[in-house]
Amino acid sequence: MARAYTDKEMMALTAGRFVSNGDVLFAGTGLSMLAATVAKRIHAPQAVVFFETGGIDPALAELPLAVADPRVMTGTCMNSGLIDAFSLLVHRRLRTIAFLGAAQIDPYGNINSTCLGDYRRPRVRFPGCGGACDAASQAFGVIIFMQQEKKRFVEKVDYLSSVGWLRGGDSRQRAGYARGGPMAVVTNLGVMKFEEESKRMYLSEYYPGVTAAQVVGDTGFELDVSRAKESVPPSAEELRILRQDVDPQRLILGPVAA
Amino acid sequence: MNDRIDAKSKLMTAAEAVRRFVKDGDMIALGGFTVSRNVMVIAREIIRQGRRDLHLVMHSHGQAMDILVGAGAVSRLELAYGGTGRFAPTGIRFRKAVQSGQVQVEDYSNFHMSLRFLAGALNLPFMPSRSGFETDVLGQQGFGPELRGRGKIPPYKAVVSSNPFNPDPEPVVLLPALTPDVALIHAQCVGEDGTVRIKGLTFLDIEQAKAASRVIVTCEEVVPAAFLRQDPDQNSLPPFLVDAVVPAPFGAHPTACHFFYDYDPRHLNMYRQVAGDDDRFRKYLDEWVYAVDDQEAYLAKVGAVDLMRVKANSNLGYAPGLDRR
């Protein structure tokens with residue numbers, strides 16, 4: 001059955017549902033901008049979005065295409081720089097939630113945004129960790145966007161750019177991280193979370209029209225699906241806000257559903 | 001010191017600034033961030049003057065980095081992110097240069113690089129951080145042993161130590177300071193004496209400038225120093241830290257300069273089309289760098305219509321409704 005929405009629309013709305021009023025959101029480019037913006041407009045108007053470049057709580061009348069887009073500097077409560085932005089990311093009083101994306105992810109939510117193959121002479125070079133390594137290390141929580149593919153959900157990432165639950169259990173804490181860790185992985189097929197004790201990834205939700213078996217088939221490691229449920233589909237109102245108010249040029253949403 | 005006190009001597013062309021202050025092999029800090037305030041006028045001039053073997057240091061960089069790398073001016077980079085957001089999620093010439101081994105790269109995070117510039121600005125040997133324990137950002141070495149411990153490259157990329165104030169073991173990452181030879185900054189307004197006023201986000205420009213031995217500032221407008229002293233709260237750098245002031249209207253094009261112009265989606269999309277192919281990239285350099293002697297010729301080539309298209313709205317600071325597809 002044809003769905004009335006695209007993967008990217010579902011991902012933005014699904015990630016947006018993790019945002020609570022009062023959260024302080026560390027947003028990157030792409031889908032994370034959409035998720036943060038749409039959450040603010042739908043159910044979390046008091047959530048604050050800030051960018052590692054130093055733009056704090058911008059009006060976001062238009063969608064920024066990079067964290068240094070002049071649109072993150074307009075209608076802010078203040079403009080600053082990287083040092084100030086990171087002081088908010090790590091602030092003890094704030095529930096900072098970071099949205100991150102990556103090329104590869106392992107069963108413990110460690111991600112790679114640096115390279116495939118040997119680091120010094122990579123087969124494919126990506127941009128690098130940017131501020132994701134810092135958000136993964138020091139934010140209160142992290143939500144990760146991924147395309148669900150076997151080559152991206154791997155047993156071991158080629159390069160560990162930004163830390164997740166490290167080797168599971170309490171290994172993250174023992175390595176020196178005082179708080180944080182990935183809360184969820186939002187993909188084009190569903191939502192993965194991490195087991196309380198082992199910190200290993202499991203399937204929490206699959207989108208309407210997707211099966212748990214399909215998610216397993218597009219994952220390069222063993223994935224527990226025993227707790228998986230179907231996601232709530234997006235409402236007409238959510239889709240309207242996303243399409244008409246947040247990304248009318250479809251700069252990040254891309255082509256409309258066929 | 002005298003050459004720094006004579007205000008008039010600071011106003012110069014991009015050609016003179018590069019001739020006087022940028023040498024082969026220099027460590028150069030790039031101001032700006034991905035699609036904003038890239039110091040394009042100086043980047044193009046460095047390419048025209050044929051500087052080689054440069055060592056670029058930055059947090060997240062974009063267009064100036066990509067053309068400098070593509071033109072073969074760069075041997076080494078230390079950075080956290082190389083790209084321009086949606087227009088080139090990975091810098092196109094940067095990617096090719098890393099994959100072919102043309103450049104050596106040392107990856108850090110944005111916070112790491114911020115602390116390294118801050119350490120340089122404060123004349124401290126290092127700064128501690130809590131980012132990156134047991135990641136490859138700290139564990140993998142990009143620079144070979146032949147580079148380590150020479151010149152401005154410290155013997156170690158980073159050191160994991162322990163907080164000396166905590167009786168219990170508590171790891172901290174120690175990051176070496178950066179003291180670039182030159183910092184390149186593009187600002188909206190600069191006094192003829194060198195007082196700098198950056199509008200919008202300052203990114204890490206102020207720390208980069210303070211950490212560097214020499215500072216070149218290009219600007220949209222040169223204004224009387226007395227004007228900047230009427231509202232000094234808005235100023236970013238004192239004049240005596242600045243060595244060269246280069247008037248350069250639209251000097252960050254095709255990247256943005258808050259309250260002056262937006263990034264230019266047409267140019268950035270065109271660049272993405274051509275940069276992946278060696279021949280077409282060479283033609284791009286011929287056309288947009290080598291064939292234009294100065295910023296006036298460059299702006300004539302961009303054309304008034306495209307410049308007006310990206311002109312910032314004076315209320316919002318960007319170009320509302322700009323077609324950014």
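The basis for the numbers below is simple: all heavy atoms, side chains too, and nothing from hydrogens, waters or symmetry mates. Proteins get letters first, then strands, A, B, ... in listed order; numbering begins at 1 in each.
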Trainee: Pick one of side chain, backbone, both or neither for B:Pro171, based on which atoms fall under 4.5 Å of a heavy atom in chain A.
Mentor: side chain
Trainee: What residue in B:Pro89, B:Gly62, B:Ser129 has the most heavy-atom pairs under 4.5 Å with chain A?
Mentor: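 Most pairs with chain A among the choices: B:Pro89.
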Trainee: What's the separation between atom CD1 in A:Ile83 and atom CG in B:Asn110, rounded to the nearest 0.5 Å?
Mentor: 11.0 Å
Trainee: For chain A, which candidate among B:Ser114, B:Gly85, B:Gly83 shows the most heavy-atom pairs at distances under 4.5 Å?
Mentor: B:Ser114
Trainee: Specify the closest pair of heavy atoms between A:Ala68 and B:Thr34, including all atoms of both residues, with the distance to one decimal.
Mentor: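 Heavy-atom minimum between the residues: CB-OG1, 3.4 Å.
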Trainee: Chain B: which of A:Gly81, A:Gly130, A:Gly117 shares the most heavy-atom pairs with it under 4.5 Å?
Mentor: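 Of the options given, most contacts go to A:Gly130.
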Trainee: Sort out for me which of A:Ala132, A:Pro122, A:Ala59, A:Ser113 touches chain B most, counting heavy-atom pairs under 4.5 Å.
Mentor: A:Pro122
Trainee: I need the residue from A:Val72, A:Asp69, A:Val163 with the largest number of non-hydrogen atom pairs under 4.5 Å to chain B.
Mentor: A:Asp69
Trainee: Please say whether more than 12 non-hydrogen atoms of neighbouring residues, nucleotides or ligands are located less than 6.0 Å from CD in A:Glu155.
Mentor: yes
Trainee: Please look at B:Glu106 and chain A and tell me whether the side chain, the backbone, both or neither of the residue comes under 4.5 angstrom of a heavy atom of that chain.
Mentor: both
Trainee: Nearest 0.5 Å please: distance from the CE atom of A:Met73 over to the OH atom of B:Tyr318.
Mentor: 12.0 Å
Trainee: Look at atom CD of A:Gln173 and say whether more than 12 heavy atoms of other residues, nucleotides or ligands are closer to it than 6.0 Å.
Mentor: no
Trainee: Tell me whether B:Arg266 at atom CZ has more than 12 heavy atoms from other residues, nucleotides or ligands lying less than 6.0 Å away.
Mentor: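 Open: at most 12 neighbouring heavy atoms sit under 6.0 Å from CZ of B:Arg266.
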Trainee: Measuring from atom CG of B:Asp262 to atom CZ of A:Arg71, what distance do you get when rounded to the nearest 0.5 angstrom?
Mentor: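 Rounded to the nearest 0.5 Å, the CG-CZ separation comes out at 4.0 Å.
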Trainee: Chain A: which of B:Gly32, B:Gly101, B:Gly317 shares the most heavy-atom pairs with it under 4.5 Å?
Mentor: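 Looking at each option in turn, the highest pair count goes to B:Gly101.
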Trainee: Which answer fits B:Ile198, side chain, backbone, both or neither, if we ask what part of it has an atom under 4.5 Å from a heavy atom of chain A?
Mentor: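 Looking at B:Ile198, nothing touches chain A.
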Trainee: Side chain, backbone, both or neither: which part of B:Phe94 has a heavy atom under 4.5 Å from chain A?
Mentor: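 Contact with chain A: side chain only.
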Trainee: Which bit of A:Gln138 is near chain B, if near means a heavy-atom gap under 4.5 Å: side chain, backbone, both or neither?
Mentor: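 The answer is the side chain of A:Gln138.
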Trainee: Does the A:Thr74 side chain pair with the main chain of B:Leu316, one donor and one acceptor, at a distance under 3.5 Å?
Mentor: yes
Trainee: For the residue pair B:Phe111 and A:Phe86, categorise the inter-ring angle as parallel (less than 30°), tilted (30 to 60°) or perpendicular (more than 60°).
Mentor: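 Geometry flag for A:Phe86 against B:Phe111: parallel rings.
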Trainee: Do other residues, nucleotides or ligands put more than 12 heavy atoms under 6.0 Å from B:Lys157 NZ?
Mentor: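 Enclosed.
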Trainee: What's the shortest heavy-atom distance between A:Asp134 and B:Ser109, and which atoms?
Mentor: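 Nearest heavy atoms, A:Asp134 then B:Ser109: OD1-OG, 2.7 Å.
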Trainee: Which bit of A:Val90 comes within less than 4.5 Å of chain B, counting heavy atoms only: side chain, backbone, both or neither?
Mentor: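 Looking at A:Val90, just its side chain touches chain B.
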Trainee: Just do the side-chain contact (heavy atoms from CB on, under 4.5 Å) check on B:Phe33 and A:Leu82 with the steps written out, would you?
Mentor: CA-CA 10 Å; B:Phe33 198 107; A:Leu82 272 74; 4.0 Å; yes
Trainee: By a 4.5 Å heavy-atom criterion (distance strictly below it), what part of B:Val105 contacts chain A: side chain, backbone, both, or neither?
Mentor: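 The answer is both parts of B:Val105.
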Trainee: When you look at B:Arg324 and A:Leu65, which way does the side-chain contact (heavy atoms from CB on, under 4.5 Å) test go after all the steps?
Mentor: CA-CA 9 Å; B:Arg324 296 181 288 146; A:Leu65 292 184; 3.5 Å; yes
Trainee: Check the surroundings of atom CZ in A:Arg200: do more than 12 heavy atoms from other residues, nucleotides or ligands lie under 6.0 Å from it?
Mentor: yes
Trainee: Do B:Ser131 side-chain atoms and A:Ser137 backbone N/O form a donor-acceptor pair below 3.5 Å?
Mentor: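 Checked: no pair found.
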Trainee: Does any N or O in the side chain of A:Arg121 come within less than 3.5 Å of the main-chain N or O of B:Ser100, such that one atom is a donor and the other an acceptor?
Mentor: yes
Trainee: For A:Arg125 and B:Gln99, indicate whether the former's side chain and the latter's backbone hold a donor-acceptor pair under 3.5 Å.
Mentor: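 No.
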Trainee: Please look at B:Asp323 and chain A and tell me whether the side chain, the backbone, both or neither of the residue comes under 4.5 angstrom of a heavy atom of that chain.
Mentor: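 It is both, since atoms from each part get that close.
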Trainee: Is B:Gln141 in contact with chain A via its backbone, its side chain, both, or neither, using a 4.5 Å heavy-atom distance?
Mentor: backbone
Trainee: With only heavy atoms counted, which part of A:Arg123 is less than 4.5 Å from chain B, the side chain, the backbone, both or neither?
Mentor: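 Interface part for A:Arg123: backbone (N, CA, C, O).
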Trainee: If I take atom SG from residue A:Cys129 and atom CG from residue B:Asp136, how far apart are they, to the nearest 0.5 angstrom?
Mentor: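 A:Cys129 SG to B:Asp136 CG: 11.0 Å, rounded to 0.5 Å.
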Trainee: Between A:Thr114 and chain B, with a heavy-atom cut-off of 4.5 Å, which part of the residue counts as in contact: side chain, backbone, both or neither?
Mentor: side chain
Trainee: Using non-hydrogen atoms only, which part of B:Gln140 is less than 4.5 Å away from chain A: side chain, backbone, both, or neither?
Mentor: both
Trainee: Which one wins on heavy-atom pair count under 4.5 Å against chain B: A:Ala175, A:Gly54, A:Ala61?
Mentor: A:Ala175
Trainee: Could you tell me which portion of A:Arg167 (side chain, backbone, both or neither) has an atom closer than 4.5 angstrom to a non-hydrogen atom of chain B?
Mentor: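 Just its side chain gets close to chain B.
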Trainee: I'd like to verify something: which residue of A:Gly176, A:Pro64, A:Pro70, A:Ala66 has the highest number of heavy-atom pairs under 4.5 Å with chain B?
Mentor: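 That would be A:Pro70.
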Trainee: If we define contacts as heavy-atom pairs under 4.5 Å, which of A:Ser161, A:Ser80, A:Cys133 has the most with chain B?
Mentor: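 Between A:Ser161, A:Ser80, A:Cys133, the count favours A:Ser80.
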Trainee: Using a cut-off of under 4.5 Å for heavy-atom pairs, which of B:Thr202, B:Val137, B:Leu204 has the most such pairs with chain A?
Mentor: B:Val137
Trainee: Can you tell which part of A:Gln249 gets under 4.5 Å to a heavy atom of chain B, answering side chain, backbone, both or neither?
Mentor: both
Trainee: Counting only heavy atoms closer than 4.5 Å, note whether B:Pro320 contacts chain A via side chain, backbone, both or neither.
Mentor: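 Both backbone and side chain.
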Trainee: Checking B:Phe143 against chain A: side chain, backbone, both or neither under 4.5 Å from a heavy atom?
Mentor: backbone
Trainee: Verify side-chain hydrogen bond (donor to acceptor under 3.5 Å, both in side chains) between A:Tyr159 and B:Asp107, making sure each step is shown before the conclusion.
Mentor: CA-CA 11 Å; A:Tyr159 182 102; B:Asp107 278 86; 4.7 Å; no
Trainee: At a heavy-atom distance under 4.5 Å, which candidate from B:Leu79, B:Thr135, B:Leu201 has the highest pair count against chain A?
Mentor: B:Leu201
Trainee: Measure distances from A:Thr53 to the heavy atoms of chain B and classify the residue's part below 4.5 Å as side chain, backbone, both or neither.
Mentor: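 Both parts, backbone and side chain.
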Trainee: Which residue out of B:Gly144, B:Ala312, B:Gly91, B:Ala88 racks up the most heavy-atom pairs below 4.5 Å with chain A?
Mentor: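 Max contact count across the listed options: B:Gly144.
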